[in-house]
Every structure is written in C-alpha cells, then in structure tokens.
Number of protein chains: 2
Amino acid sequence: MPTPDPPRPGFLLPLLLLAGFRTLIDDLHAELARQGHAELRPLHGFVLQAVGADGTTASELGHRLGVSKQAAGKTVDRLVALDYLERADDPRDARRKLVRLTPHGLDGLRRSAVIFDELRQRWADTLGAERVAALEDDLRTVTPANWFRLDVPGWLTG
Amino acid sequence: MPTPDPPRPGFLLPLLLLAGFRTLIDDLHAELARQGHAELRPLHGFVLQAVGADGTTASELGHRLGVSKQAAGKTVDRLVALDYLERADDPRDARRKLVRLTPHGLDGLRRSAVIFDELRQRWADTLGAERVAALEDDLRTVTPANWFRLDVPGWLTG
DNA sequence: TAGATTAGTCAATGTGGTTGACCAAACCGT
DNA sequence: ACGGTTTGGTCAACCACATTGACTAATCTA
C-alpha cells in the first residue's frame, strides 16, 4: 500500500507546524523517560511550567492554561499523585490552596528546560541558527500577542 | 495582575509552533462556523481530509490518523451523526464498511481547503511569500519524513 | 454587618483515546 | 474443499482531559 496522498496545498502549513511541535514534544518526552520521568505526559510539562518555581493556585493555574478551574484542579490531583506537585494551605487566605512543585517536579521542569535547549540547538545545527531565529520571529509576528498564555487544550494527551 | 512570566528560552520554540498551529486552526473554525459548519470540531477537518473524496474504511482511517481502529470507528460514528460521513456496505467484501463523505461533508472539506489557502495567503502578505515557503521548508527538514501521516492525537479537541 | 466576590470541590456529562475479547468474512496452503 | 490464519468491525471497560452547574466556606467591601 502506498503512503496516503500528501495533503492539499492549503493543508500543508498547519500540518507542518503541528509536525514540528509534535516532533519536539515527542523527542522531549523520549529523553525525559530516559532520565527517570517516564510518567510525565506531554501536557504535564506545560503544567509544571505554568506552576513555576513560586507556586500558584488552581484557579490561577486554570487561567494560565486557559481551562476551567475545575479542569486545572483535576490535573493538579493527578500530578500530586505522581509526586510532581503538592498542595499547601495559604496562611493568609484560608480559601486558597497553594500548588507547588515538589523536588521531583522541580527536577522534571529543569530537565525539560535543558532538553528543550538541546533540541533547539539540534535544529540550529541543521537549519542554521539564523533560520531558527527567523522562524521564531515569523511565528511571533503572525500569532496573537498573548501566545505565551500557555493555552494548551486537551490534545497533548497523545 | 501582570501577564505571567514569559517562558524560558528553550520553551519558546515549541510554544511558538503550537501557537502558530492553534492560530490557523482557530481562524479556520471561526470562518467555518460563519459558513454554516459551526459543529465541525478542530479534529474533524483532519478526519474529513483523511477520508478523502474516495472514501475509506474505519481501519484504514485509523491507520492514517495514527489511532486504533476502535477510536477511528467512534469518531466516524460522531461524524455520521453530524451528517458529515456515511457508511455503506462494500459489495466486494462483506466485512468492510465503506466510509464516505456526504455532500455536507464534502462541502465542509472544500471550504476548509479554501479557507486554509486564504489563511496561508494572509501569512504571506504579512511575512512575505518567500518567508512562508522557507518556514515550510525548514519544518519539513527537521520533521520526520512521514509527517503527512495525519497523526493527530486527542488534542485538537480544544 | 450584609451582600457580593472568590477559591475550591462535587457531580454529571462529552469527547477522544486505549486494550482486550469476540464474531464473521476472506484468504491461503495442503 | 477444508481448516487455520488474517482482517474488519464492534462491544465493553477504562482513562485522560475537558465542560457546566451547583454548592460551601472564606474574604472583601460598601
């Protein structure tokens, strides 16, 4: 059986962007698995990044991730069960439950940052550093200004 | 409250690729909704594209989409309910059930192609045609050769 | 202090994915 | 032609991630 027909012209661009993203994410998690973080799912890296070293709350996390506070809360539950996050009471506001990285979670986040840097360097070795930079510049240009609000939908689940 | 800290250097590249993809998909579906296809979810366009004008079977569809035949079957169920796809018996093999686009589905697929072409043109107007082409070339270079197997995980659900 | 807002949780539901089990039809080698 | 294997489809159970609505408790504010 031959490979399926290549997509029509207009379909190419989104597919390539998706493929580029997927490639990075897949490579990241393959390497993370090798480094002792096999349980980390694609989505989780974004969550750890959004929690950050300073910690946050479930509601704020939901806002950063662009999902409801309930969805954020459930994701935190799972990452607590995996020992990536922990909850603590906020002494200044009894309603709030602070969400913080555990040492294990901080390790995962730091390794992710290192691996992403390496992957970007690999792209720079292949394409040339200036083309990677141009690619980033171009994407920043055509993308809404608030792109860094880590708006990651369900789809990283793959 | 200030916007959250921008991501660390290594995190930028995947986030920008994701943002670019999301921007295209969101714009596509906003326009599709205006043109009478409000029920089409982000994933569905890829499925229609994978079904193609000639039709296919659930198993083959699963292969093209990189998911199990069961998952493909359930997705077909949903698109049948929305009148985008229909099933028919294969007279030459009683096991197979052909999956075909309905007229409504074909309309959605064609409109998607047109809109994607327009969006790509919009990028070319902003960045210049040669930079869009360079972007595509670069992504093709750093991406596995089989990228056009429409390997779309759960995440288009957003 | 009363009323509005905010944080978190629970419950029900939807979508898209997985594995395993199973049946019927088709294929293939003796 | 027959019997074993492969293939296509479906069912069931389950998981991950999202939604909305309802609710409590704590805090803020007029």
Side-chain angles (χ1 to χ4, degrees), chain A residues 1 22 25 29 39-48 50-51 55-82 84-100 150-158, chain B residues 1 22 25 29 39-48 50-51 55-82 84-100 150-158:
Chain A
M1 166 187 333
R22 286 276 299 182
I25 294 296
H29 285 279
E39 306 192 89
L40 219 46
R41 313 282 299 126
L43 172 64
H44 297 162
F46 289 87
V47 177
L48 298 185
V51 170
T56 181
T57 68
S59 284
E60 169 59 19
L61 184 59
H63 181 247
R64 288 186 196 172
L65 294 173
V67 300
S68 64
K69 60 182 181 175
Q70 296 94 325
K74 282 201 278 187
T75 299
V76 170
D77 287 343
R78 287 181 210 111
L79 284 169
V80 166
L82 292 173
Y84 283 92
L85 295 178
E86 62 186 5
R87 286 188 220 260
D89 291 330
D90 184 336
R92 311 196 305 196
D93 185 339
R95 291 171 306 176
R96 292 159 56 95
K97 306 268 178 75
L98 277 324
V99 175
R100 282 191 313 236
L150 306 171
D151 195 339
V152 180
W155 23 318
L156 296 151
T157 318
Chain B
M1 164 185 333
R22 287 276 300 182
I25 295 295
H29 285 277
E39 308 192 89
L40 218 46
R41 315 279 300 126
L43 173 63
H44 296 163
F46 289 88
V47 176
L48 298 185
V51 169
T56 180
T57 67
S59 284
E60 169 59 19
L61 184 59
H63 182 245
R64 287 187 195 169
L65 294 173
V67 302
S68 64
K69 61 182 179 176
Q70 296 93 326
K74 281 201 279 188
T75 299
V76 170
D77 287 344
R78 288 181 207 112
L79 284 169
V80 167
L82 293 172
Y84 282 92
L85 295 179
E86 62 187 5
R87 285 186 222 260
D89 290 330
D90 185 336
R92 311 196 307 194
D93 185 338
R95 292 170 305 176
R96 292 157 58 96
K97 306 269 177 74
L98 277 324
V99 175
R100 281 191 313 234
L150 305 171
D151 195 337
V152 179
W155 19 322
L156 298 153
T157 318

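To find a chain, count down the sequence lines: A is the first, B the second, and so on, and within it residues start at 1.
- To the nearest angstrom, P of dA12(D) lies 13 Å from CG of D77(B).
- For the pair L61(A) CG and dA18(D) C1', the interatomic distance rounds to 14 Å; values are reported in whole Å.
- Distances shown here put every side-chain N or O of H63(B) at or beyond 4.0 Å from the OP1 or OP2 atom of dG8(D).
- A sub-4.0 Å separation between OP1 or OP2 of dG8(C) and a side-chain N or O of S59(A) is present.
- Residue side chain E60(B) does not reach the base of dG8(D) through any donor-acceptor N/O pair under 3.5 Å, judged by distance alone.
- Within the 4.0 Å cut-off from OP1 or OP2 of dG16(C), at least one side-chain nitrogen or oxygen of H44(B) is found.
- As a whole-Å value, the separation of L65(B) CG from dG17(C) P is 8 Å.
- Per the geometry, CG belonging to L85(B) stands 16 Å off C1' belonging to dG9(D), to the nearest Å.
- Protein atom CG of D93(A) is 17 Å distant from nucleotide atom P of dT5(C), rounded to whole Å.
- Atom P of nucleotide dG8(D) and atom CG of D89(B) are separated by 16 Å, given to the nearest angstrom.
- If you check every strand for non-hydrogen atoms under 4.0 Å, S68(B) touches a base.
- Residue T75(A) has no polar side-chain atom (N or O) positioned under 4.0 Å from OP1 or OP2 of dA16(D).
- In this structure, the NZ atom of K74(B) is 10 Å from the C1' atom of dC15(D), given to the nearest Å.
- Of the side-chain N and O atoms in R96(B), none sit less than 4.0 angstrom from OP1 or OP2 of dT10(D).
- Residue Q70(B) places no side-chain atom within donor-acceptor reach of the base of dG8(D), judged by atom type and a 3.5 Å distance cut-off alone.
- Here the rule is side chain to side chain contact (heavy atoms under 4.5 Å, CB included) with V47(B), and of L79(B), V99(B), L40(B) only L79(B) fits it.
- Within the nucleic acid shown, A58(A) comes within 4.0 Å of sugar-phosphate atoms alone, with no base atom in reach, counting heavy atoms only.
- Judged by atom type and distance alone, K97(A) does not reach the base of dG8(C) through any side-chain donor-acceptor pair under 3.5 Å.
- Rounded to an integer number of Å, the gap from CG of L98(A) to C1' of dT6(C) is 15 Å.
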